[in-house]
Novice: 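Before I ask anything, let me first share the structure, which is written out below as structure tokens.
Sequence lines set the chain letters: A, B, ... in the order given, protein chains first and strands last, and positions in each chain run from 1.
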Amino acid sequence: MLAISNLHVAYGQSEVLHGLNVAVSPGEIVAIMGRNGMGKTTLMKALMGIVPTKSGSVSMNGVEVTGLRSYERVAQGLAYVPQGRMIFSAMTVEENIETGLVASGGKAVPRDIYELFPVLLEMKARRGGNLSGGQQQQLAVARALATGPKVLLLDEPTEGIQPSIIREMARTLKRIRDERRLSIVVSEQVLSFALDVADRVLVIENGEIVRDDPRAGINETEVAKYLSI
Amino acid sequence: MFGDYSLGDLAAIFAMQGFAGLILFSVFLLMALGLAIIFGQMGVINMAHGEFMILGAYVTWMTSNFFQAYLPALFSGYFFVAMILAFLASGALGMLVEWGLIRHLYKRPLDTLLATWGLSLILQQCYRSIFGAREVGVDLPQWMLGSFQVTDAIQIPINGVFVMCLTILITCAVAYVLYWSRWGRQVRAVVQNRVMAGAVGINTERVDRYTFALGCGVAGIAGSAFTMIGSTGPTSGQLYIVDTFLVVVFGGAASLVGTIASAFTISQAQSTLEFFLSGSMAKVLTLLAIVGILMLRPQGLFSLKVRK
């Protein structure tokens, strides 16, 4: 579904990602683990075309998206929930979700999105900026789903969210995958969450993928070593 | 200063000055709407906004001449055609300017300020070269001349009423486009977070271009309205740009209601005070009041309350 091959990304002269190779199959949930500064967010931004790619390629279903702009990548089926949520705070909840409809061409917010996040239906007339952190996270996911994605990218979705809601979020992500048959790539620092949600766990260290384990045979202590400071 | 007038006189004066103020309000509001879209929504300080208005005024003048020369039978309706043409001409120029100049200068407000200031000088000279330095006036069709006689002392000019209805209509249209249409949602999303708007699938460059064009187009319509209350010259637009910025900042950028309220307050204060004091004293008092209010409320009259 999503194929990243030999991806190099640099800010000016300093290269941050040194040739990543990742393939994500349809319906798979992949967690990318790593400490701060190892390149998780840069990878996400490069996938969305927010940070330019130096060399290598990213393709969706065989379609090369490396040279495309963000909105064109969204049209190809990539959707993005950034770190810090980045919802449009002065717009209402409903309007926030509707911004995602531009890409999918829909008119009204699909019912199943509200079924997934009933709290958003309750608060649809509130301004996005006045929601709590957890609600904003749900809103950001709903907005991404409104674009009708094939691959959903989430950048540290658990950051700044209370533990009970983190477990809830893992369930929601799996439900989204099961109902919509889409692939999910989630970058994470919280190992328990990654183990909860993922089919496969990658570890990124200094801009390179150093481990790639299926969920079933994973050695937790080995992965945790890369996360502890 | 009120001492020399009887109570009835005062009422009539206030009514008529208030109405004169309403026409000024219309021009302010139309100008400010365009500027509020561009400045409030995109953060671009467009010093050439007055020149976009004057382009609309010249287009109106040309249309009126064309109708007089070739279609005298339809002259009474030329104004509607002129308005549409003014909107299209200013909008097209705006689109060109955004493409050639503004888009390279986003996030550099001071550079935009200088660049658009330069643009305004270029446009002024273009108008002078093409249309001549003399101011031109537009002939109004018969049905717009004259006035309603409300009481013995109060007269209300018909073209003023017409301009106001026009303004209300356009304000509603702009409000609809920005707040209820699909395109308006895209504009507001781009304004709040350009990168994120792109990442939810919005073509931000196209949105920027059409937003700028819309702002300039509305200025063009303001130019059409302007031909009824003043004569059009190459530098006429400059006189309005400062007042218009004042309206936008005083109302609170990015707030449509604020822009309307502030255009109303400023134009009414101006117009009523002008009758009793000299024009410059009226201006001084208005400005002092605004400075005072902005010191107490720097975000302007209206602003959204949202967690940052």
Novice: Is it the backbone or the side chain of Arg182(B) that comes under 4.5 Å from a heavy atom of chain A, or both, or neither?
Specialist: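 When you check distances to chain A, only side chain atoms of Arg182(B) fall under 4.5 Å.
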Novice: Sort Arg69(A) into side chain, backbone, both or neither according to what part of it lies under 4.5 angstrom from a heavy atom of chain B.
Specialist: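 The side chain, not the backbone.
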Novice: Just jot down the salt bridge (Lys or Arg N to Asp or Glu O under 4.0 Å) partners of Glu159(A), sequence neighbours excluded, or say none.
Specialist: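 So Glu159(A) forms no salt bridge (Lys or Arg N to Asp or Glu O under 4.0 Å) with any residue.
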Novice: Taking every non-hydrogen pair under 4.5 Å, which of Val195(B), Asn203(B), Thr204(B) racks up the most with chain A?
Specialist: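 Greatest number of close heavy-atom pairs with chain A: Asn203(B).
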Novice: Please determine if Arg206(B) forms a cation-pi arrangement with Tyr71(A), meaning its NZ or CZ atom is less than 6.0 Å from the six-membered ring centre and no more than 45° off the ring axis.
Specialist: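 Checked: cation-pi criterion not met.
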Novice: Under 6.0 Å from the NZ atom of Lys45(A), do we count more than 12 heavy atoms belonging to anything else shown?
Specialist: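 Open.
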Novice: Go through the atoms of Thr99(A) and report whether side chain, backbone, both or neither lie under 4.5 Å from a heavy atom of chain B.
Specialist: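 For Thr99(A), backbone and side chain are both near chain B.
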Novice: What residue, out of Met86(A), Glu98(A), Arg73(A), has the most heavy-atom pairs lying under 4.5 Å from chain B?
Specialist: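 Going by pairs under 4.5 Å, I would pick Glu98(A).
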Novice: Once the angle between the rings of Trp180(B) and Tyr176(B) is folded into 0 to 90°, is it parallel (under 30°), tilted (30 to 60°) or perpendicular (over 60°)?
Specialist: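 Parallel, since the angle between the ring planes stays under 30°.
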Novice: With no hydrogens and no angle check, is any side-chain donor or acceptor of Thr259(B) less than 3.5 Å from a backbone partner on Val248(B)?
Specialist: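 Judged by distance alone, no pair lies under 3.5 Å.
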Novice: Please look at Met48(A) and chain B and tell me whether the side chain, the backbone, both or neither of the residue comes under 4.5 angstrom of a heavy atom of that chain.
Specialist: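 Just its side chain gets close to chain B.
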